[in-house]
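Down below is the structure, laid out as structure tokens.
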Amino acid sequence: MSQMTYLQAISSALREEMRRDPNVFILGEDIAVFGGAFKITQGFLDEFGPARVIDTPISESGFVGAACAAATVGFRPVVEFQFIDFIACAFDQIVNYAAKCYYRWGVPVPIVFRGPTGGGIHAGPYHSQNPEAWFAHTPGLKVVLPSTAKDAKGLLTTAIRDNNPVVYLENKFLYRHYREEVPDDEYVVPIGVAALRTVGRDLSIISYGAAVHLCVEVARTLEREGASIEVVDLRSLAPLDRETILESVRKTNRALVVHEANLTAGFGAEVAAIIAEEAFDHLDAPVARVASLDVPVPFSPPLEMAMLPSVDKIAQAARRLLAY
Amino acid sequence: MSQMTYLQAISSALREEMRRDPNVFILGEDIAVFGGAFKITQGFLDEFGPARVIDTPISESGFVGAACAAATVGFRPVVEFQFIDFIACAFDQIVNYAAKCYYRWGVPVPIVFRGPTGGGIHAGPYHSQNPEAWFAHTPGLKVVLPSTAKDAKGLLTTAIRDNNPVVYLENKFLYRHYREEVPDDEYVVPIGVAALRTVGRDLSIISYGAAVHLCVEVARTLEREGASIEVVDLRSLAPLDRETILESVRKTNRALVVHEANLTAGFGAEVAAIIAEEAFDHLDAPVARVASLDVPVPFSPPLEMAMLPSVDKIAQAARRLLAY
Amino acid sequence: MTAPKIILPDYPTEIQADPRELPFDREQLLRFYSAMRLARTFEEKLAALYRQGRIFGAVYLGMGQEATSVGSISLLEKGDLFSTVSRNLSAWFYRGVEPGHVFARWFGKDQPPGNGRELGLFLADLDGVGIAPYHNGSMASWIPSGAGYALAFKMRGQPNIYMAFTGDGATSPGDFYEGLNFASIQKLPLVIICEANQFAYSTPCDKQMPVANVADRAPAFNIYAETAFGNDLFTVMAAARRAVEHARQGHGPALVEFKTFRQRGHGEHDDCGYVSSELRAFWEQRDPLVMYRRWLIERAEIPAADIELIEEMAVARVEAGVEYADGLPFPKPETVTERLFAPSPHDPKPEDRANIFEPIDNPAIPALTAAQDRSSGGHF
Amino acid sequence: MTAPKIILPDYPTEIQADPRELPFDREQLLRFYSAMRLARTFEEKLAALYRQGRIFGAVYLGMGQEATSVGSISLLEKGDLFSTVSRNLSAWFYRGVEPGHVFARWFGKDQPPGNGRELGLFLADLDGVGIAPYHNGSMASWIPSGAGYALAFKMRGQPNIYMAFTGDGATSPGDFYEGLNFASIQKLPLVIICEANQFAYSTPCDKQMPVANVADRAPAFNIYAETAFGNDLFTVMAAARRAVEHARQGHGPALVEFKTFRQRGHGEHDDCGYVSSELRAFWEQRDPLVMYRRWLIERAEIPAADIELIEEMAVARVEAGVEYADGLPFPKPETVTERLFAPSPHDPKPEDRANIFEPIDNPAIPALTAAQDRSSGGHF
Ligand SMILES: Cc1ncc(C[n+]2csc(CCOP(=O)(O)OP(=O)(O)O)c2C)c(N)n1
Ligand SMILES: Cc1ncc(C[n+]2csc(CCOP(=O)(O)OP(=O)(O)O)c2C)c(N)n1
Ligand SMILES: [Mg+2]
Ligand SMILES: [Mg+2]
């Protein structure tokens with residue numbers, strides 16, 4: 001075990017897998033000589049050489065398409081998007097090629113698409129987005145969003161060994177702000193198993209990614225007010241751990257869904273819909289959602305903070321449900 | 001009034017608006033000389049000339065980007081995607097430029113993105129998709145899906161006059177299969193107002209696009225079984241007519257959401273989530289959903305029909321809710 | 001509505017090659033012919049079935065482009081991979097694809113590897129005939145794929161090349177540029193065979209590109225490229241060979257543009273109103289199959305009877321293929337959700353959910369969330 | 001980790017032009033200088049504020065590229081439009097943008113037109129200085145936009161051109177190809193000013209493109225293009241003028257590639273470890289501002305005092321700008337959801353929901369839905 005930031009945990013998983021499996025290679029913009037815009041692959045060029053650490057031209061669709069092809073003949077590419085916002089430029093290759101290849105032909109595409117998501121760092125409309133819902137809606141893709149350093153490493157290790165395309169979404173605010181004890185050597189966290197961050201009886205808060213930390217803090221706050229909150233961290237949206245969600249809600253009889261992506265048609269809607277269909281008889285209150293407002297992510301801090309979910313917003317919604 | 005197919009209604013709206021407003025122009029692949037893959041713009045080149053009816057190279061991102069720019073200086077372009085599946089190639093220009101421009105700068109982008117969606121014609125994974133959820137989740141875009149010839153014309157007219165980017169999704173199965181009386185001259189159907197296709201007391205079926213016809217038929221069938229079904233046709237997902245959805249469910253106390261796009265994180269989840277949050281006290285049964293299975297659209301008829309929603313699947317779900 | 005302006009080149013109506021100077025024996029010459037003929041016969045049958053309403057969906061044919069396909073594909077060596085577009089059936093047959101299997105796919109039957117999921121128009125068969133599972137939806141999406149397969153060869157030190165067939169219209173999308181740009185920077189063994197049949201659906205080249213030839217784009221990529229007549233089998237082979245050798249020797253990507261013509265519509269629903277009779281007539285005199293057949297008899301002195309035998313065999317194989325396909329079952333509806341995800345080593349097991357309580361017991365968190373409002377970002 | 005190989009060109013360290021042969025009077029010469037100087041002073045201040053933690057998010061500077069920006073932008077005429085990227089502040093200032101307004105945007109204040117929604121790095125001002133609201137997120141996305149603005153000029157018969165600044169790395173994305181391809185087919189008045197500062201973030205050109213110069217790509221687009229030294233103000237003007245005239249005369253797009261150098265990192269967080277000291281030294285001797293200043297004094301015989309006055313004014317305007325920006329309020333949090341959709345003529349009114357019962361009373365429907373299973377498709 002050693003203290004690692006969320007960012008170091010990602011590097012560690014990448015490095016371990018590249019040492020373990022010669023078929024793993026990485027490509028993206030400025031990842032080799034520069035070590036990546038966030039320095040996640042610092043030192044990789046020296047250790048693994050230019051054949052396995054490839055600086056690409058600014059051509060997301062081109063290098064994603066190339067990496068997907070290499071994946072069908074035994075390689076396990078990990079593609080870095082400098083900011084996840086640019087995944088929109090490779091959208092066709094991901095949703096139409098990577099996602100459908102195995103269903104069409106029975107040929108697996110073991111590839112990881114990774115990159116920094118999320119706001120809160122005043123980076124404006126094009127460096128702050130959370131695109132998970134687009135991919136969770138696309139059959140054939142796995143979608144993973146770690147909230148802790150430990151999960152970041154374990155889930156990335158699993159994602160690289162997975163035989164399917166995995167969209168692995170990192171939160172850039174957590175990169176350097178979040179730090180914890182992480183095992184030094186390899187371990188896996190299965191994709192499709194949620195985690196309980198707090199255990200409680202009165203309300204289930206279902207969340208994922210960076211928002212989980214807000215929810216845990218809300219749980220602590222409300223604990224002091226006498227409420228017992230269960231925070232479910234989905235960790236993966238596809239596959240989705242429906243059992244854990246439903247068990248929790250059947251126990252607490254109240255559900256609040258929280259994420260950083262904007263509300264409308266966000267993945268929280270899917271979670272709420274599942275609860276409304278499959279835990280209906282157990283519900284003592286409406287299924288509520290807290291998420292970002294439905295606008296692009298604005299640059300100016302007062303606007304951005306008003307747009308993002310916050311401890312206060314979540315706590316208010318939780319209190320409303322508890323009082324219902 | 002005259003009998004028009006759904007396809008002729010779309011042509012009629014386009015032609016009327018191009019006659020009315022010289023700033024409206026159309027561009028896309030094979031739309032000029034050939035009149036479009038589905039012949040929607042047949043004769044347009046002769047009437048409006050090559051400056052306003054532009055055959056483009058196969059460059060969705062390029063001509064979408066160009067059209068968006070022209071829209072910011074007074075033009076009202078209507079972009080045709082030969083099949084909506086290729087909208088994935090223009091994804092960045094749509095979600096990152098068109099959707100955000102007005103919020104960022106206060107400069108409107110009056111543009112319509114239109115094209116054929118949907119399955120049931122055995123066209124395989126790349127000519128059958130329903131991408132509305134991607135766009136409904138993107139703030140700044142309006143999303144419209146007509147289910148009738150009358151709405152097809154009225155909504156397209158409104159979309160062309162709207163000062164925002166509108167994703168106008170046509171159903172290619174309805175193109176020639178659906179025909180009805182349509183006013184010959186111009187009229188508008190406001191974007192953001194749902195329609196009731198049947199009025200009922202026992203169950204609300206909320207749907208949009210081609211699936212509405214399945215729902216209406218289910219309503220007729222169950223009527224014979226003594227149930228009274230209200231079919232809500234959303235017509236537009238963004239903006240969404242929440243009032244009509246909630247009024248209907250508060251009246252019938254039961255809700256079934258139906259669409260042709262695949263289930264998970266589809267727009268039906270948003271509708272179900274809204275109902276579960278805002279009509280909770282009125283619900284006598286779980287909120288159910290019927291949609292396509294979560295796989296790419298397969299080519300072979302037995303597979304495709306198993307994947308798509310059907311009258312039987314919807315009727316079964318409806319009966320379950322009615323019996324609840 | 002003006003017809004696209006046409007410059008008719010001076011392509012000969014006869015195959016030029018001297019049989020004695022060719023390295024091919026009689027058997028090999030007939031192998032070329034039978035692949036071309038089988039494709040033509042197959043497509044004639046497919047068109048007939050389409051008109052009878054016996055085909056689901058649309059039908060796209062490659063009649064008139066057989067020489068480009070067979071001439072190019074004949075240069076592949078063991079371990080090479082390739083991808084085709086809508087008009088390369090003759091290339092499949094040259095590589096040994098079974099007509100019956102193709103009919104089965106067109107009929108939506110339970111035929112591997114698609115098992116009814118994909119159109120009959122497309123095929124992936126890595127280990128068999130060497131067709132890579134490319135993205136056949138969006139035009140040019142297979143150029144980045146081609147770069148990826150070529151990259152895989154390079155990383156493994158294999159002496160192989162990747163051959164990507166593509167239409168001329170498919171050179172307009174950004175993927176063509178991004179894929180070829182990457183391949184050239186990395187000096188990858190990617191060979192692009194561009195079938196310049198002068199239209200993309202109804203759109204003529206002058207609306208598709210500001211240059212006269214696709215090969216004129218080569219300087220932008222600093223690659224080897226040439227333009228050649230695509231209906232003379234041996235002209236095709238000679239040009240394709242130069243490109244394949246360039247790539248195989250490690251000099252990077254190569255592109256050969258073959259001028260040819262699509263005798264049918266974009267699909268069988270297309271009446272081709274946009275094609276001038278002048279252009280059609282020019283190319284009718286240059287039907288690659290007719291040219292090669294005449295050459296076989298008149299120049300290679302192969303008895304007409306032997307050729308007719310091949311033609312009868314083609315008919316027989318096509319008829320047998322239809323029969324085979326008719327006899328196959330459709331995929332079972334209940335299999336529709338199968339094969340979405342490939343099994344993976346760490347797929348969740350029941351016991352994984354035994355102990356899922358993993359508290360975030362981190363004093364930093366309140367500070368963390370508070371920090372959000374103060375974060376100055378700027379670290380990228 | 002090998003440093004990118006560098007070929008150092010023989011660009012002079014002195015501006016070559018003879019002042020007597022230039023059409024500019026003293027005032028105009030100083031106007032060029034003050035825009036360049038103001039940008040430099042502004043960016044020095046911005047960098048200082050960034051280091052003090054007074055800026056939200058990241059900071060990107062264009063120091064060293066001022067001649068390319070000012071020389072090119074000076075050619076615009078009334079009604080022309082343009083878009084800039086991260087390193088063209090001097091072009092804004094030449095066009096009359098207020099430093100205080102730019103600081104206000106960097107500070108996230110409630111300054112139009114972004115009102116805190118966009119970064120200080122970007123600006124749209126169609127009716128004012130003529131900056132089009134382009135897509136500044138994804139590299140090269142503004143090339144299709146440029147084609148669109150040029151198309152608008154052409155459709156309206158306006159004699160205007162669109163000038164799109166772009167980096168050299170931004171010539172790799174497919175949008176560069178698709179946009180320029182479309183512009184060339186349509187012969188649109190699009191001028192691309194490529195600032196070839198030899199790196200895209202840390203990535204050198206030889207990893208970005210297989211050609212030595214961006215201009216080498218021109219044949220693929222059949223457009224006018226040239227490469228020139230970007231730090232000599234008058235060399236820039238001469239080359240840019242040729243391109244602008246080409247486009248304005250209706251000959252279609254033109255591209256000028258200016259070799260220049262980014263004196264700072266990609267952003268202020270970037271230590272530029274990837275830039276060789278040799279390369280840095282070469283360009284330090286060719287600082288466009290220093291070269292022009294020396295030329296003004298030594299060749300144009302402008303008294304140093306006059307130049308110092310401009311420099312003091314620049315400092316004063318920058319300080320006043322910071323003060324102005326500091327004094328402005330932040331946008332109100334409650335305005336965050338405003339201005340998402342533009343009002344439209346047929347926006348729903350309450351009465352629209354009065355009568356929403358619109359039955360689908362269509363006997364065809366049961367047949368329709370049944371038809372689905374029988375549909376043979378194939379009509380496309
Ligand atoms: C990105 C994208 N846009 C549009 C289409 C629809 N489409 C299918 S084939 C075709 C024309 C292709 O022309 P070309 O590449 O010349 O091939 P050809 O049919 O002439 O052999 C088009 C536009 C597509 N498949 N992909
Ligand atoms: C599609 C896309 N991918 C990645 C990025 C991240 N990015 C921002 S600037 C930049 C480098 C741009 O280099 P260049 O075009 O040469 O401009 P310069 O910074 O050198 O002026 C990159 C990769 C982006 N903005 N868009
Ligand atoms: Mg073609
Ligand atoms: Mg650069």
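Letters A, B, ... mirror the listed sequences (proteins, then strands); counts begin at 1. Atoms considered below: every heavy atom in the structure, side chains included; atoms not considered: hydrogens, waters and symmetry mates.
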Residue selection (most heavy-atom pairs with chain B, distance under 4.5 Å) from [options]:
options: A:D294, A:V95, A:N96; result: A:N96
options: A:P296, A:A273, A:A276; result: A:P296
options: A:I275, A:N262, A:L237, A:L283; result: A:N262

B:F91 and A:F91 aromatic ring geometry - parallel, tilted or perpendicular at 30°/60° bounds: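 Rings of A:F91 and B:F91: parallel, under 30°.
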From CG (A:D92) to CG (B:D92), nearest 0.5 Å: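 One gets 13.0 Å once the value is rounded to the nearest 0.5 Å.
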Spacing of B:Y97 atom OH and A:Y126 atom OH [to the nearest 0.5 Å]: 8.5 Å
In terms of heavy-atom pairs under 4.5 Å, which option from [options] contacts chain A the most?
options: B:A285, B:P131, B:A136; value: B:A285
options: B:A272, B:P298, B:G140, B:A288; value: B:A288
options: B:D281, B:D85, B:L240, B:V271; value: B:D281

Identify the two heavy atoms, one from [X] and one from [Y], that lie closest to each other, and give their separation to 0.1 Å.
X: A:F267; Y: B:A265; result: CD1-CB, 4.1 Å
X: A:P125; Y: B:R104; result: CG-CG, 4.2 Å
X: B:E270; Y: A:G266; result: OE1-N, 4.5 Å

Under 4.5 Å from any heavy atom of chain B - which part of [X]:
X: A:A238; value: neither
X: A:Y324; value: side chain
X: A:Q129; value: side chain
X: A:I94; value: neither

Worked verdict on B:I274 versus A:R289 for side-chain contact (heavy atoms from CB on, under 4.5 Å): CA-CA 9 Å; B:I274 289 170; A:R289 290 179 291 162; 3.9 Å; yes
Structural part of B:A255 lying under 4.5 Å from a heavy atom of chain A: neither
